[in-house]
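Remarks on the structure that follows.
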Amino acid sequence: MSAVPVSAVPVSAVPVSAVTVSAVTGLSGPLLAVDPAAVAANTRLLAGRTGAEVMAVVKADGFGHGAVEVARAALLGGATSLGVTSIEEALPLREAGLDVPLLSWLNPVGADFATAVHAQVELAVPSLEHLAAIARQGIGARVHLHLDTGLARDGAAPAEWAALCRAARVAERAGRLRVVGVMGHLACADEPGHPANAAGRLRFAWGLRVARAAGLKPAARHLAATAAALTDPLSHHTLVRVGAGLVGIDPTRDGAGSTLLRPAMTLTAPVVTVRRVRAGTPVGYGHTWTAPAATTLGLLPLGYADGLPRAASGRAEVLLRGRRRPVVGRISMDQVVVDLGEEEVRLGEVATVFGPGDDGEPTAADWARWSDTLEHEVVTGLGARVHRVVARSGLRSLA
Ligand SMILES: *Cc1c(COP(=O)(O)O)cnc(C)c1O
């Protein structure tokens with residue numbers, strides 16, 4: 001996704017809507033307006049649910065919202081550190097001038113750890129091999145040992161944990177690195193009653209005991225992500241790593257924060273053409289939908305290459321002229337057709353594909369439901385053709 005330079009958006013456009021932004025920047029296609037004030041407010045809400053510090057997780061380009069913008073807004077909202085998966089994701093945050101603690105937790109053993117440490121990026125260590133690769137370089141890395149607390153995914157297996165802690169202590173005494181944290185991650189935190197949560201907490205507590213017994217003194221101890229930050233205080237320790245919640249996604253089944261967290265993106269698209277069709281007119285690939293009566297069809301210039309899940313075909317809706325309009329026929333790669341009924345829509349009028357829901361527009365959660373997936377996948381799936389603009393109004397109200 002290409003971010004429009006913020007300087008291209010005039011400060012005077014307050015409150016800024018995607019429509020005004022498009023008029024002033026010369027952008028005419030699908031637009032993604034990101035609301036930093038929502039990110040800051042969400043961060044404040046999450047920080048208020050815990051006594052622990054908040055790490056803003058801005059991986060996957062800030063869940064599709066723009067990593068730098070989300071990071072800045074989250075720090076204004078009370079986050080005190082940043083987290084990403086790869087070193088490649090970490091470096092641009094430094095280049096943008098963000099100088100808070102920054103952790104990268106998912107790197108192959110041959111990654112450029114020297115560059116990371118030079119940029120003061122802290123590194124998670126999931127294996128003895130990673131530890132050796134980092135220690136060998138003798139670059140004084142600040143590391144977080146990562147214990148698998150129940151996903152059998154990233155993090156060291158429990159059987160290797162004691163050895164990892166001992167080896168880390170040896171490297172620490174040799175002055176080659178410092179263990180500043182221990183981390184885990186919960187598999188089922190979006191289901192607060194799930195027994196795996198207690199099991200994960202117990203395994204993490206055990207991992208901390210083993211680390212201390214090895215002589216380590218990890219100041220940062222972190223297990224919870226958004227769902228557990230909202231629902232499971234026992235998992236908070238000294239730090240919670242929140243990503244989804246920053247951008248307004250509540251992953252918990254009971255919606256512990258859903259009425260309060262605010263979606264931070266609005267996706268819009270202009271009507272390219274309108275046409276009147278007769279009853280019986282089939283629409284789109286495979287003719288999966290046929291107009292039951294004479295109607296007006298509007299064409300929007302975005303499709304599954306831009307992140308609209310094709311699986312939402314036949315279910316999805318957009319908002320246009322204050323009303324929900326069904327997307328009809330298959331969602332194509334580049335375009336979708338919307339049934340406008342008797343509405344006389346002008347070319348260039350803007351439809352809202354999803355947003356916070358304030359005006360009755362669908363939300364990313366609706367699109368996720370229509371395509372049987374998660375909001376996370378919808379917001380991170382937007383394609384390179386969608387231009388992202390920052391709502392300056394939000395930034396000003398934060399200043
Ligand atoms: C993505 C991720 C997070 C953030 O999770 P959310 O549920 O989005 O808050 C935290 N920790 C790890 C290891 C992650 O991969």
Side-chain angles (χ1 to χ4, degrees), residues 39 42-43 45-47 49-50 52-65 67 70-71 74 77-79 81-90 101-107 122-127 130 143-156 181-192 194 196-197 200-201 203-204 207 220-232 235-258 261 263-265 364-365 368 373-381:
V39 174
N42 292 334
T43 311
L45 183 147
L46 289 153
R49 296 285 190 101
T50 179
E53 302 273 307
V54 173
M55 172 185 286
V57 176
V58 295
K59 64 187 183 184
D61 201 18
F63 287 59
H65 294 62
V70 172
S81 63
L82 301 172
V84 291
T85 50
S86 67
I87 292 168
E88 285 79 1
E89 287 185 311
L102 168 56
L103 171 64
S104 159
W105 59 70
L106 187 59
N107 292 290
E122 299 178 4
L123 298 164
V125 173
S127 77
H130 285 78
V143 304
H144 299 238
L145 301 186
H146 188 174
L147 171 64
D148 170 27
T149 49
L151 287 87
R153 203 184 63 163
D154 197 7
V182 166
M183 68 184 281
H185 194 54
L186 295 169
C188 304
D190 55 344
E191 296 176 63
H194 198 290
N197 296 322
R201 288 197 311 263
R203 192 187 279 180
F204 189 68
R221 302 180 290 278
H222 41 118
L223 177 62
T226 297
L230 289 170
T231 62
D232 186 5
S235 69
H236 291 187
H237 295 273
T238 68
L239 178 69
V240 297
R241 302 182 307 266
V242 298
L246 302 177
V247 297
I249 297 172
D250 179 359
T252 62
R253 300 286 157 89
D254 70 351
S258 62
L261 291 173
M265 73 165 49
T373 185
L374 299 178
E375 278 170 273
H376 308 57
E377 191 175 341
V378 173
V379 299
T380 58

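Remember, it's 1-based here, ligands and their atoms both numbered in the order they're listed.
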Atom 5 (O) of ligand 1: nearest protein contact (heavy atom, Å):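 Looking only at protein heavy atoms, the one closest to atom 5 (O) of ligand 1 is Ala225 CB, 3.3 Å.
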Please examine the side chains of [Y] and [X], heavy atoms only from C-beta on, and report whether any two atoms are closer than 4.5 Å.
X	Y	result
Ser81	Glu53	no
Val143	His130	no
Asn197	Thr231	no

Just heavy atoms, cut-off under 4.0 Å: does Arg241 contact ligand 1 by side chain, backbone, both, or neither? both
Minimum heavy-atom distance Gly245-Leu46, with the two atoms named: C-CD1, 3.7 Å
Any nitrogen or oxygen of Met183, side chain or backbone, less than 3.5 Å from one on ligand 1? no
Give yes if a backbone or side-chain nitrogen or oxygen of Thr226 is under 3.5 Å from a nitrogen or oxygen of ligand 1, and no if not.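 Yes, since at least one N or O of Thr226 sits under 3.5 Å from an N or O of ligand 1.
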With a cut-off of 4.0 Å, which atoms of ligand 1 are near a heavy atom of [X]?
X	answer
Lys59	1 (C), 2 (C), 3 (C), 14 (C), 15 (O)
Phe63	8 (O)
Val242	9 (O)
Ala244	6 (P), 8 (O), 9 (O)

Listed partners of Leu106 passing side chain to side chain contact (heavy atoms under 4.5 Å, CB included), at least two apart: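 Expected list: Thr85, Asp154.
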For His222, the side chain to side chain donor-acceptor pair (under 3.5 Å) test, sequence neighbours excluded, returns His144, Arg241
